[in-house]
Amino acid sequence: MSSSENHPSSWTHVDELNASCVDDSKSRYERGALLGTGSWSQVYKVRRRSDGKVFAGKASKFQRELRKEVSILKSLNHNHILRYVDWHEEKGNASATLLVMEHCTGGNLQTGIDHSMKGLSGKVILRITVQIAGALEYLHGRGQFHTDVKPRNILIRNNDPVDVVLADCADIQDVASIRRGPNQTTMTHRSPEIVQTDRHRGTGDDVWALGVTLLTMMQQQPSLPWTAKAVEEYPKKCFDHAQRLRALNPGHGTVELAWRMLAWDVRRRATATECRERAEGLLGMAEGESTGDDGTEGLGIKTPEDFTAAAFW
Ligand SMILES: Nc1ncnc2c1ncn2[C@@H]1O[C@H](COP(=O)(O)OP(=O)(O)OP(=O)(O)O)[C@@H](O)[C@H]1O
């Protein structure tokens, strides 16, 4: 069953309680528990009155942003990009507006990593990389780029086997007409080009950000002291760490992949297609091996002794 047509049983007593506190009897959707908040929106579990199906509904006082996101989501069609379901609005009641999307029951990848006892296994890391690199390949092929790839913007549709989608698509841009002005990429995931010029540069930004995401999944994302200087130097820190990992782990496929994504010179950086193909090749080899579930340790990566990983809790 696809999560965009979630089973009514995923509506719990907490959702029921929240729904009973709001008088939204005119709405086609009942509003359940809060799933998460972003800088400009709140996302709720919602239930369609007509058939009891459960989805996620984004609400915001920033209606322009919401409308922008809906028009982008509607134009996209890829198995690993968040699926649009519906748009709900009521005359004279802006707070009732909802962007209805598939409900990803596993929440976001950052929380998934933080809550996992042993960390993600090598196969799970590669599956996620194949899926998100595939989503980027699709976007880049349409002359677009995402601008804010990071674990918090990757949602888990299913855990076993892992199935993820790229979300938060409101800031997707066309490569041919990159907007000037503040860039949308989260500090830690900015490419060297963004930091040097303070603007987006294109598809290479996404691949760099996926490289930092891969480091996070491998528990190899360098720590970041939050000073302006450290933020400016952070791409170099990620680049250096990828180089050192490669030197310490010759022939390690996943390390090599991260190193290709974090090439300093954007012209030498892997494309999304190359990332997807390499990750698929590595996954094919890993699936032939019968390994136990020893989490991230099972990757067998040697780490420089003085390395401190970023902590998110
Ligand atoms: N479809 C969904 N299914 C399940 N949870 C979701 C869904 N959409 C969003 N969430 C949760 O809500 C959080 C915030 O959503 P989202 O990132 O889209 O908001 P935003 O306001 O666009 O954020 P940003 O500050 O990154 O621009 C996500 O990190 C996730 O935990």
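Just follow the structure's listing: the first ligand is 1, and inside any ligand the first atom is 1. Just so it is clear, the values below take in all heavy atoms, side chains as well, and ignore hydrogens, waters and symmetry mates.
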Go through the side-chain N and O atoms of [X] and [Y] and say whether any donor and acceptor fall under 3.5 Å apart.
X: His146; Y: Gln144; answer: no
X: Thr273; Y: Glu137; answer: yes
X: Asn93; Y: Ser95; answer: yes

Is there a polar contact, in the sense of an N or O pair closer than 3.5 Å, between [X] and ligand 1?
X: Lys150; result: no
X: Glu102; result: yes
X: Ser41; result: yes
X: Glu69; result: no

remark   = Honestly, for Thr37 the part within reach of ligand 1 (heavy atoms, under 4.0 Å) is backbone
task = Answer with side chain, backbone, both or neither: which part of Leu82 has a heavy atom less than 4.0 angstrom from an atom of ligand 1?
result = side chain
salt_bridge(Glu30, Lys45) N-O dist < 4.0 Å = no
query = So is Lys58 close enough to ligand 1, meaning a heavy atom under 4.0 angstrom away?
reply = yes
ask   = With under 30° as parallel and over 60° as perpendicular, where do the rings of His241 and Phe307 fit, or are they tilted in between?
value = parallel
key: For Ser39, the ligand 1 atoms whose distance to one of its heavy atoms is below 4.0 Å   = 21 (O), 23 (O), 24 (P), 25 (O), 27 (O)
Taking atom 12 (O) of ligand 1 as the reference point, the nearest protein heavy atom with its distance = Gly36 CA, 3.4 Å
request  = Examine distances only and state if a side-chain atom of Ser41 and a backbone atom of Ala59 form a donor-acceptor pair shorter than 3.5 Å.
outcome  = no
